[in-house]
2 protein chains.
Amino acid sequence: MGRITIRDVAQAAGVSLGSASRALNGGKHVSARIARDVTAAAEQLGYEPDFLARSLRTRSSGMIGCLVSDVANPLYASIVQAAEARLRDAGYLLVVANTANEPARERAAAAEFRGRRLDGVLVAPGSDANDETWRGLVAGGAAVVILDRDVPDADGDDWPAVLVDHRGGAQAATRYLIGLGHRRIALLTPGTRMRPGRERIAGFQAAFAEAGLDPIGAIVSAQETSMDFAHGDALALLGAADRPTALIALGTRILAGALRAARDLNLSLPRDLSVLSVGDTDLAAVHAPAITALRWSLEDVGRAAAELLLQRLRGGDAGAAARALLPVDLVLRESCAAPAKS
Amino acid sequence: MGRITIRDVAQAAGVSLGSASRALNGGKHVSARIARDVTAAAEQLGYEPDFLARSLRTRSSGMIGCLVSDVANPLYASIVQAAEARLRDAGYLLVVANTANEPARERAAAAEFRGRRLDGVLVAPGSDANDETWRGLVAGGAAVVILDRDVPDADGDDWPAVLVDHRGGAQAATRYLIGLGHRRIALLTPGTRMRPGRERIAGFQAAFAEAGLDPIGAIVSAQETSMDFAHGDALALLGAADRPTALIALGTRILAGALRAARDLNLSLPRDLSVLSVGDTDLAAVHAPAITALRWSLEDVGRAAAELLLQRLRGGDAGAAARALLPVDLVLRESCAAPAKS
DNA sequence: AGAAAAATTGGAAACGTTTCCAAAAATGAA
DNA sequence: TTCATTTTTGGAAACGTTTCCAATTTTTCT
């Protein structure tokens with residue numbers, strides 16, 4: 001004997017197929033007696049509904065996709081974790097796909113998601129240029145929420161998105177360093193074109209501008225990816241005669257490279273060099289001295305994204321594009337101080 | 001007009017529904033002419049098959065589940081990442097679910113997976129005791145591969161599993177420290193009951209035994225989770241008169257606590273204390289001095305698990321349980337040295 | 001060339017649900 | 001009590017595929 005279907009349940013309860021379905025779905029239009037009999041029969045037979053059949057009929061798979069460059073990146077891992085928790089509570093399954101920031105893989109994944117009729121997609125695009133892909137996803141009936149990117153909107157409609165206030169954070173961090181007396185500050189960041197990097201640079205420069213300082217002191221050292229930052233780059237930067245007195249480094253990898261370079265050059269923190277981490281990683285918290293850092297809640301990003309998506313799924317496609325802007329905090333620790341008098 | 005179905009394609013190509021399906025599935029029993037016409041029509045109409053309908057008919061969803069305590073744990077994140085890559089190549093989608101190591105959530109997720117007809121599941125059980133859950137998954141027709149756990153086998157059949165040689169690794173690490181002259185070595189590890197922890201303790205003690213040393217020197221400090229290790233524990237351990245001269249610490253969190261404690265007590269590494277990390281984290285690599293560590297490839301775990309699963313999916317359920325045992329390497333760095341003469 | 005075998009084809013059933021529709025039953029009003 | 005209205009019910013259609021079966025065509029062999 002095969003699997004228990006709703007047909008078996010209906011038969012056992014002595015009612016029609018349709019009634020059994022209605023009873024099980026808790027819907028209206030069912031008498032108390034039938035509801036009781038059917039649930040009892042289902043219980044007794046150990047009936048488990050088949051989601052695939054249901055999905056086919058209802059044209060909704062009950063699944064949400066998550067499209068990021070790399071789930072192993074702690075940044076995205078935490079977002080995925082939080083989003084999964086929220087979506088699971090709402091009865092959705094989360095499927096993940098890595099894009100390695102390649103538009104071709106983004107397109108392929110989007111096509112697959114469409115074919116599988118995913119109800120919604122959380123996506124952190126790897127480039128600004130790929131927006132027809134997401135548009136296609138929406139055309140296929142999926143709700144799309146963008147994770148911390150600015151996706152251009154062709155027809156004037158904003159994409160629902162969860163954004164982090166990197167600009168405000170970077171500005172606050174830079175302001176803090178300027179307040180300590182630093183005049184030559186370097187910002188080491190990957191990705192100058194896309195949102196997080198671009199916003200950070202903007203905030204960094206805005207802090208210089210608001211202090212009325214010479215922008216010459218605002219040294220932006222940018223690379224495509226954090227992989228591209230070599231240990232040697234940091235050495236060169238810190239070894240120069242007019243080296244910066246403070247450093248803002250993004251992420252574990254760049255921060256680690258910078259710290260190693262400082263060590264190689266016998267620069268003691270925070271006396272000879274102030275260091276500030278963008279992103280509060282294990283390394284920043286545990287390093288001696290502990291690194292002052294910009295922190296924002298990845299869990300909040302995941303949660304907010306899930307919430308936005310659910311809201312969109314429930315409310316139909318009506319309603320204007322909702323966006324959330326999450327705050328960035330400056331966590332003061334031991335790695336920043338006034339620069340040595342020269 | 002709605003979505004393009006295979007019916008439309010058949011009509012456009014002037015063939016029957018069945019022939020169109022056969023042509024598109026590249027199967028036999030199709031003439032060259034029809035194959036050509038149908039693919040052309042499909043191309044021209046932009047036909048995209050509906051996976052849900054196909055799944056319903058073929059009784060296979062083309063999806064693999066991944067059941068771990070927490071995707072945000074870098075350990076699992078990397079595994080998920082690698083597994084996803086391999087499975088995606090094979091045409092499968094990966095869905096993730098976090099269990100927080102709670103049996104109830106494991107059961108719930110397994111039930112959902114069964115209802116959704118997932119073809120296979122990668123699972124890192126949170127306890128040994130929950131094996132009927134996985135048995136139920138298999139009964140539901142899913143292939144199951146265990147990630148680095150020993151799941152008891154009731155009826156003598158081994159579970160397919162990808163295992164990491166934690167015992168060998170711990171033994172090699174301990175042997176190395178003993179070789180340097182250490183006689184009092186502490187192992188700080190969470191989870192004494194389950195596989196990784198249990199195996200590590202076994203390897204640790206085996207190294208003492210093979211050296212013919214008094215097991216008194218083998219100090220096992222275990223807690224339920226790495227959260228439970230307080231900074232104070234490490235302080236107490238290292239502050240005692242007969243403190244260990246070497247420390248093996250598992251994971252970023254415990255390692256960080258131990259390092260902080262060492263710093264608080266003004267113990268300089270490696271002169272006053274040798275430290276060895278189980279797991280090669282960012283922190284271990286970047287710390288000054290760099291921490292000698294046990295390393296194994298998480299990517300290999302993910303890849304091997306995916307491979308095992310695919311093999312099982314393709315080959316039907318025939319074939320004995322396959323298991324992979326992955327090696328652990330000792331990465332020598334600067335944090336270990338001979339103990340100071342006392 | 002004719003028969004037997006093999007390959008191809010169209011039509012229909014099946015997968016397990018939900019939902020529509022019309023018929024039946026129950027309820028309410030007159 | 002009778003008719004109008006609402007609620008419940010059973011039967012069937014639909015979702016979009018794949019696959020079975022029988023009928024037809026093509027190929028192969030004698």
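On a predicted model such as this, the values are computed, not experimentally measured, just so you know.
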A:R57 (side chain) and C:dT18 (base): donor-acceptor pair under 3.5 Å: yes
Provide, to the nearest angstrom, the distance between the CZ atom belonging to B:F51 and the P atom belonging to D:dG16. 16 Å
I need the CZ-P distance between A:R7 and D:dG11, as an integer number of Å. 11 Å
Starting at atom CD1 of B:I4, determine the distance to atom P of D:dC15, rounded to an integer number of angstrom. 14 Å
Are the side chain of B:N98 and the backbone of B:V71 linked by a donor-acceptor contact shorter than 3.5 Å? yes
Under the 3.5 angstrom rule, does the side chain of B:N73 hit a backbone N or O of B:L75 as a donor-acceptor pair? yes
Could you tell me whether the phosphate oxygens of C:dC15, OP1 or OP2, come under 4.0 Å of any side-chain nitrogen or oxygen in B:T58? no
Start at the 5' end of DNA chain C and walk down; is the nucleotide closest to A:S19 or to B:R33 reached first? B:R33
So, does the side chain of B:R54 form a donor-acceptor pair with the base of D:dT17 at under 3.5 Å? no
Rounding to a whole Å, what distance do you find between A:D8:CG and C:dC15:P? 11 Å
Gap between atoms CD and C1', on A:Q11 and D:dG10 respectively (whole Å): 14 Å
Is A:R116 salt-bridged to A:E112, going by a charged N under 4.0 Å from an acidic O? yes
With distance as the sole criterion, do the side chain of B:R22 and the base of C:dG10 form a donor-acceptor contact below 3.5 Å? yes
Keeping B:R7 on the side-chain end and B:L17 on the backbone end, is there a donor-acceptor pair under 3.5 Å? no
Nearest-Å distance, CG (B:L56) to C1' (D:dC15)? 9 Å
Given atom CD1 of A:I6 and atom P of C:dG16, what is their separation to the nearest angstrom? 12 Å
In whole Å, what is the span from the CG atom of A:L52 to the C1' atom of C:dC15? 10 Å
Select base, sugar-phosphate, or nothing to describe what A:I34 touches, counting heavy atoms under 4.0 Å on all strands. sugar-phosphate
Contacts of B:A53 and B:S16 projected onto DNA chain C by closest heavy atom; the upstream (5') one is B:S16
Any side-chain to backbone donor/acceptor pair from A:T99 onto A:E102? Under 3.5 Å, distance only. no
Does a distance-only test, which skips hydrogens and angles, find a donor-acceptor pair under 3.5 Å between the side chain of A:R59 and the base of D:dG16? no
Please determine if a side-chain N or O atom of B:S31 lies less than 4.0 Å away from the OP1 or OP2 oxygen of C:dT9. yes
